[in-house]
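Owing to the predicted nature of the structure, the values given are computational and were not obtained by experimental measurement.
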Amino acid sequence: MSALRRLREDVDWHRCQLGAHRVLLDVNSGSLHLLDRVAWEVLDYFDGTNHRQVVEALSGVWPREEVAAVLEELDELRARGQFGVRDRMESSYQGRRDVPVKALCLLVSGQCNLRCEYCFVTEAGPLMRWEVARRSVDFLMQESGTRRLCELDFFGGEPLLNLAVVRATVAYARERARSLGKDVRFSITTNATLVDDEFVALVRQHGISVILSMDGRQAVHDRFRHYRDGRGSWRDALEGALRLLRGVEGLDYWVRGTYTSANLDFSQDVATLVRLGFGRISLEPVVARPEDEYSLKPEHLDTIRGEYRKVAELCLEALREGWELDFYHFRLDPEGGPCLYKRLAGCGAGVDYLAVTPTGELYPCHQFVGRREFRMGTVWEGITNRELRQRFADAHVYRKATCRTCWARFHCGGGCHANNHLLTGDLLWPDALSCDILRARLDCALVVQAARVCGHPHSPGSIRTG
């Protein structure tokens, strides 16, 4: 063992704890292990080479044979490639080249019936014409190459203000995909205030995934998501969301909310959504400049960390008692999770995922729209700014100085590109607070995932592997 390289906590492996749940993540393999107290304390000293010193350090705390058994288990995990695995990609990964486009975000409406204060859309724009939507589908079918599965996301503004074009686009995309031996999936993001029977029928007919914008408690929601005259939209949004849930059996949906400095107790918003009947919830930190009154600040971090722990405890309760709570950012699948590229480069914005404006311009994602230096082309011309596309392909964790030694690097892909550029001015320099928030969230996600796949923390054995 002395010839083995020393292992570094929070670079090669990471531990997190919530109540009786003690979890070990092997960073490079993605393996998760549930620990007992002995194994947890062994790792206070263990560096991969110092077995004798570990036994001596804990000799007055735990029986020597128990400590030795844990060290033997760690050796077995290393032999199986589940602990202390080397990262073999760092020296050779070059980013992707000439990849097909797999998904488009169609901003079918530059208009909205609400005036949400933290919205990235700062001024009203046009509705997307059918000709633009049709050409977008043709562009996707062409640029997807040999990919069989493509994706179309309808976004805005409020896409239900342009429902006729959404409906026509779905029908046309189905036809085009079928003729080419492809399949296409659809999703739509809506504030839910305009949901009617026609939309419910469209979702039911085509299996459209729906993202419903709701922030939780009525007072929190209405503070930011209101109509032009200042009236809150919570009651209308709730009515529309419940109409969808009741009208579409097996609806594929997420309730997607935002938390800000105005609702740092956001675990209460998750609990409220659960009580209202929603079991699939995503609550995101607001993307805002530091000078915005609702922005998140470094001094909020401890509170945010505590709120994620409360959400995790709620998820653990749901697991124990068998009721539904799926918190989007606690979803981890170490075995069948993100592909290698997503682990290294994130969401694919600007590479295999593009946004289309109502007039047909191409941008890396909806949050870059309007930043003219990120215009990539049009659906008629195609991608004309190939250099920009390569910049996004090259924006992976191995090119980001702060990511290379971060234990969370393969679960975030280097952070949101749009957020990085907005807050630091550089695609390759993640915002420090955003990283801290993500790590706080991921700590809780690891605990929930370990509880899901490894079982109860008091099960026999020092280390249980999921």
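In this structure, Asn263 CG and Asp269 CG are separated by 5.0 Å, a value rounded to the nearest 0.5 Å. Distance CZ/Phe266 to OH/Tyr308: 4.5 Å, rounded to 0.5 Å. One distance of note links CG of Leu24 with CG of Leu32; it measures 8.0 Å at 0.5 Å rounding. Interatomic distance, Leu160 CG to Thr190 OG1, rounded to the nearest 0.5 Å: 4.0 Å. For the atom pair CG (Asp44) and CZ (Arg15), the distance works out to 4.5 Å, reported to the nearest 0.5 Å. For the atom pair Leu114 CG and Asp236 CG, the distance stands at 9.0 Å (nearest 0.5 Å).
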**Prompt:** Can Asp302 and Arg305 be said to form a salt bridge (charged side-chain N to carboxylate O under 4.0 Å, His left out), step by step?
**Reply:** CA-CA 5 Å; Asp302 285 344; Arg305 186 178 289 114; 3.0 Å; yes
**Request:** Evaluate the side-chain contact (heavy atoms from CB on, under 4.5 Å) criterion for residues Trp234 and Val220: first the C-alpha distance (whole Å), next the side-chain angles of each, then the deciding distance (0.1 Å), finally the verdict.
**Result:** CA-CA 9 Å; Trp234 186 83; Val220 170; over 6 Å; no
**Request:** Just do the side-chain contact (heavy atoms from CB on, under 4.5 Å) check on Val70 and Leu74 with the steps written out, would you?
**Result:** CA-CA 6 Å; Val70 170; Leu74 291 174; 4.3 Å; yes
**Request:** Take Val210 and Ile188 through the test side-chain contact (heavy atoms from CB on, under 4.5 Å) and record every step on the way to the result.
**Result:** CA-CA 5 Å; Val210 183; Ile188 189 166; 4.1 Å; yes
**Chi angles and distances behind the side-chain contact (heavy atoms from CB on, under 4.5 Å) call for Asp326, Arg331** = CA-CA 8 Å; Asp326 194 352; Arg331 293 184 121 209; 3.0 Å; yes
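Using a 4.0 Å cut-off between a side-chain N of Lys or Arg and a carboxylate O of Asp or Glu, Arg289 and Asp292 do not qualify as a salt bridge. Salt-bridge check for Arg280 with Asp252: passed, with a basic side-chain N closer than 4.0 Å to an acidic carboxylate O. For Glu293 and Arg223, the salt-bridge test passes: some basic side-chain N is under 4.0 Å from an acidic carboxylate O. Under 4.0 Å is where a charged nitrogen must lie from a carboxylate oxygen, and between Glu56 and Arg64 at least one such pair does. The pair Glu313-Lys310 does not count as a salt bridge, with every side-chain nitrogen at least 4.0 angstrom from each carboxylate oxygen. Electrostatic pairing of Arg439 and Asp436 counts as a salt bridge here, judged by a charged N lying under 4.0 Å from a carboxylate O.
Listed here is the closest heavy atom pair of Ala451 and Leu316: CB-CD2, 3.5 Å. Residue Leu442 comes nearest to Ala408 through the heavy atom pair CD2-CB, 3.7 Å, listed as atom of the first residue, atom of the second, then distance. Closest approach of Val286 and Ser295 over heavy atoms only: CG1-CA, 4.3 Å. Considering every non-hydrogen atom in both Ala241 and Leu212, the closest pair reads CB-CD1, 3.9 Å. The two atoms that bring Asp196 and Arg243 nearest to each other are CA-NH1, 3.2 Å, heavy atoms only. The heavy-atom pair separating Leu34 from Ala450 by the smallest distance is CD1-CB, 4.1 Å.
A donor-acceptor pair under 3.5 Å links the side-chain atoms of Ser233 to the main chain of Arg225, judged by distance alone.
Counting heavy atoms from C-beta on, the side chains of Asn191 and Cys112 come closer than 4.5 Å. At least one side-chain heavy atom of Pro285 sits less than 4.5 Å from a side-chain heavy atom of Arg441. Considering only heavy atoms from C-beta on, His417 stays 4.5 Å or farther from Gln367 through its side chain. The shortest side-chain heavy-atom distance between Cys315 and Arg452 does not fall under the 4.5 Å cut-off. The closest side-chain heavy-atom distance from Leu43 to Leu35 is below 4.5 Å. Considering only heavy atoms from C-beta on, Leu7 comes within 4.5 Å of Phe83 through its side chain. You'll find the side chain of Trp62 reaches within 4.5 Å of the side chain of Arg37, heavy atoms only. Between Thr260 and Asp215, every side-chain heavy-atom pair lies at or beyond the 4.5 Å cut-off.
Under the 30°/60° scheme for interplanar angles, the aromatic rings of His51 and Phe46 are found to stand perpendicular.
Heavy atoms from other residues, nucleotides or ligands lying under 6.0 Å from CD of Glu249 number 12 at most.
Checked by atom type, the side-chain pair Asp431/Thr424 shows no donor-acceptor distance below 3.5 Å. No hydrogens or angles considered: nothing links the side chains of Arg256 and Ser282 as a donor-acceptor pair under 3.5 Å. In the model, Ser267 has a side-chain atom that pairs as donor or acceptor with a side-chain atom of Glu307 under 3.5 Å.
Scored by the side chain to side chain contact (heavy atoms under 4.5 Å, CB included) test, Thr402 finds Trp429, Pro430 as partners (sequence neighbours excluded). Every residue two or more places apart in sequence or in another chain that forms a side chain to side chain contact (heavy atoms under 4.5 Å, CB included) with Arg147 is listed here: Pro100, Lys102, Ser144.
When ring centroids are compared, Tyr118 and Phe224 come within the 6.0 Å threshold. Ring centroids of His421 and Phe374 are separated by less than 6.0 Å, placing the two rings close together.
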